[in-house]
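Following: one structure in structure tokens, then a few remarks.
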Protein chains: 2
Amino acid sequence: MGKNPEEIPGIIISRLPVYYKHLKQLQESSKEYISSEELSKLTGLSSSLIRKDLSYFGTFGRKSYGYDIYCLFQQLSIIMGFNYQKNLIIVGAGYLGQALAYNKGYEERNYKLKGIFDKNPKLIGLYLNDIIVKPVNKIDEFIKKENIDIAALTVPGGAAQKITDRLVAAGIKGIWDFTEVPLKVPKNVLLEEQNINEGLCKLSCVLNKEFNEEIDQNCEQK
Amino acid sequence: MGKNPEEIPGIIISRLPVYYKHLKQLQESSKEYISSEELSKLTGLSSSLIRKDLSYFGTFGRKSYGYDIYCLFQQLSIIMGFNYQKNLIIVGAGYLGQALAYNKGYEERNYKLKGIFDKNPKLIGLYLNDIIVKPVNKIDEFIKKENIDIAALTVPGGAAQKITDRLVAAGIKGIWDFTEVPLKVPKNVLLEEQNINEGLCKLSCVLNKEFNEEIDQNCEQK
DNA sequence: TAAGTTATGTTAATAATTTAACAAAGAGAT
DNA sequence: ATCTCTTTGTTAAATTATTAACATAACTTA
């Protein structure tokens, strides 16, 4: 049929990696099928929600068996676009950029790390995971020639918007943004904010809540 | 009053770092007040939603002026628990662990990096951002003695659950999880999954959607 | 001091998401 | 072949989240 104009709800997309992670692990077991009820126990999501999420993309289950683990994993891979190659560059070869250079997650998702760029002369020429760090002034040409789809942005906040504009002008399709500053990109460019420190915010926010509740309880007891 | 038993909805918590980021940047300008309407333009969230989110925590605005940028920033910091110190350790001193050792985000959020652990003898003894890498067998004692609240987990997937159990047994309050595997923790321990590669999933999922739509359109034209 | 603006905080309406319920399909047992 | 059991995919209900509307408060100008 082709559910063309309808966008996949972001909230569903955000759960796909959860299913993916568990199905990947399940493949190491001898289990062949898994029910939505079992998946529910593993993921903490309700079985109803899992069935609904999956049914959004098609009919993958088998009545009274459940889902074929291998097939569902393959289907999810296709849904998440892992079946064709995406070309990636890293912009900023500091500590975080280096960690991304050695990240193990690219291959299974069919991302191909094509280049690493920095403006610091001390880093240029360095090899990271067999890829040489190039000067950032070659970046525009490289994006066009090598058909780069996605740029991981790990530059200091002050430089971020300027380099972003440049990436956009060169035709980048998506930015995997590790900076801490608000970036502006045109609507046709994807911006995926991967703010590391957001996790710290959530953790202390909830810890703080629990901490305050303890205090409240102590007060009430008096 | 004390809104005790009610938990802060996760969806609101997830927007707090967005407000925080923009207010931080706004402090560099000479602006003193900002309206929900202006914040809406910056964040892309509706002004109504912004007012509602903020009103969840109290009455911070001033009629016909808007919000005092500095005060709101301070309030958000308190809400997210940045007003008291959280002690942090990094478990796993590989590339990602090293990047986290040099992460600049701790100080402003009042996280204190107290220790780094690894089992690899080649890494033990190494100094990362002036902190020595210790052997992982000292970790239990360290957590208790140094009152560690949060552990950043950057070990290989295979070792993750085992070390998690150990952290939990030692009394850790939260785990900032960078592994790719599903972890099990008891309900009283916070688990914040900071899966780096989730961003790649979302990016290619949406790119894939657009790619398929282009194909669909080409087919229809025939 | 009154009229006109601005922008909040909150209530009401709408939309999105999740859960619950169940009919239908299929498998296994008798 | 029939009965029972399992588990899906889907429809309906309940819940949660977002947007729109507006009364109220406070500032500005005349």
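Within every chain, numbering begins at 1; the chains are lettered A, B, ... in the order of the sequence lines, protein sequences first and strands thereafter. We use all heavy atoms of the structure for the numbers below, so side chains are in, but hydrogens, waters and symmetry mates are not.
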Which of Ile148(B), Leu88(B), Ile150(B) passes side-chain contact (heavy atoms from CB on, under 4.5 Å) with Lys114(B)? Answer is Ile148(B)
Measure the distance from CD1 on Ile8(A) to C1' on dA16(C) and round it to the nearest whole Å. 17 Å
According to side chain to side chain donor-acceptor pair (under 3.5 Å), who are the partners of Lys31(B), at least two apart in sequence or on a separate chain? Glu38(B)
Pairs under 3.5 Å (N/O, protein and nucleotides 5-8 of chain C):
| unit_1 | atom_1 | unit_2 | atom_2 | d |
| --- | --- | --- | --- | --- |
| dA7(C) | O4' | Ser64(B) | N | 3.1 |
| dT8(C) | OP1 | Ser36(B) | N | 2.7 |
| dT8(C) | OP2 | Ser36(B) | OG | 2.7 |
| dT8(C) | O2 | Lys63(B) | NZ | 3.4 |

With a distance cut-off below 6.0 Å to the six-membered ring centre and an angular limit of 45° from the axis, does Lys86(A) pair with Tyr84(A) as a cation-pi contact? yes
Check every nucleotide of DNA chain D for an atom under 4.0 Å from a heavy-atom of chain A, then give the first and the last such nucleotide from 5' to 3'. dT6(D) to dT11(D)
Measure CG/Leu54(B) against P/dT10(C) and give the value in whole Å, please. 12 Å
Backbone N/O of Ser36(B) and side chain of Ser40(B): donor-acceptor pair under 3.5 Å: no
Is the shortest side-chain N to carboxylate O distance from Glu32(A) to Arg62(A) below 4.0 Å? no
Could you tell me how far apart Lys52(A) (NZ) and dT17(C) (P) are, to the nearest whole angstrom? 10 Å
So, Glu108(A) and Lys24(A), do they make that salt bridge, N to O below 4.0 Å? yes
Between Tyr33(A) and Tyr67(A), does the ring centre distance come in under 6.0 Å? no
With a 4.0 Å limit, can you tell me whether Ser46(A) has a side-chain N or O closer than that to the phosphate oxygens OP1/OP2 of dT19(C)? yes
Go through it in stages, so that I can follow the logic: the residues are Asp53(B) and Tyr19(B), the test is side-chain hydrogen bond (donor to acceptor under 3.5 Å, both in side chains), and I'd like the CA-CA distance, side-chain angles, deciding distance and then a yes or no. CA-CA 10 Å; Asp53(B) 277 355; Tyr19(B) 302 135; 2.6 Å; yes
Nearest whole Å is fine: how far is dG9(C) P from Gln75(B) CD? 12 Å
